[in-house]
*Asks:* 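Submitted below is the structure of interest, expressed as structure tokens.
Each ligand, and each atom within it, is numbered from 1 in the order the structure gives. Along the sequence shown, residues carry numbers from 1.
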Amino acid sequence: MAAIVDSSKCTGCGACVGVCPVEAITIENGKAVINDLCIDCGACVGACPVEAISL
Ligand code: SF4
Ligand code: SF4
């Protein structure tokens, strides 16, 4: 599994990118994308100001 981004909420702010310990998040076309490196740690969930990420 990997964390899931609700692209309708994501603003592309990038706050989640820096908190990911395994560099699983990139910004593509203005939206966060989480790849299969994700270890489900949850750090990005708390970092997102608009609650766009869930596990
Ligand atoms: S849950 Fe953890 S490992 Fe997965 S994308 Fe978020 S910060 Fe990275
Ligand atoms: S912190 Fe939230 S709003 Fe910002 S890029 Fe990540 S998922 Fe999108």
*Asks:* For N29 and K31, what are the C-alpha separation, side-chain angles and deciding distance, and is it a side-chain contact (heavy atoms from CB on, under 4.5 Å)?
*Replies:* CA-CA 6 Å; N29 299 316; K31 302 289 182 181; 5.8 Å; no
*Asks:* Evaluate the side-chain proximity of I53 to C16: yes if any heavy-atom separation is below 4.5 Å, no if none is.
*Replies:*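 A side-chain contact under 4.5 Å exists here.
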*Asks:* Give the minimum heavy-atom separation between I27 and G14, together with the two atoms involved.
*Replies:*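 I27 and G14 have their closest heavy atoms at CD1-CA, 4.1 Å.
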*Asks:* So what's near atom 4 (Fe) of ligand 1, protein N, O or S atoms under 2.8 Å?
*Replies:*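 Checking every protein N, O and S atom gives C38 SG.
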*Asks:* Do you know the tightest heavy-atom contact between L37 and E23?
*Replies:*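 In this case the closest contact between L37 and E23 is CD1-O, 4.1 Å.
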*Asks:* Quick check on side chain to side chain contact (heavy atoms under 4.5 Å, CB included): which of I4, V5, T26 does I34 satisfy it with?
*Replies:*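 Result for side chain to side chain contact (heavy atoms under 4.5 Å, CB included) with I34: V5.
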*Asks:* So which heavy atom on C38 is nearest to which on A3, and how close?
*Replies:*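 Minimum heavy-atom contact is SG-N, 3.4 Å.
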*Asks:* Which atoms of ligand 2 are found less than 4.0 Å from any heavy atom of P49?
*Replies:*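 It comes down to these atoms of ligand 2: 1 (S).
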*Asks:* Which pair of heavy atoms, one from C10 and one from G12, lies closest together, and at what distance?
*Replies:*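 So the two residues come closest at SG-N, 3.3 Å.
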*Asks:* Closest heavy-atom contact between A47 and V19?
*Replies:*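 Of all heavy-atom pairs spanning A47 and V19, the closest is CB-CG2, 3.7 Å.
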*Asks:* By residue and atom, what protein N/O/S atoms are less than 2.8 Å from atom 8 (Fe) of ligand 2?
*Replies:*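 The answer is C10 SG.
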*Asks:* Report yes if the side chains of I25 and V33 come closer than 4.5 Å at any heavy-atom pair, otherwise no.
*Replies:*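 Sidechains of V33 and I25: no contact.
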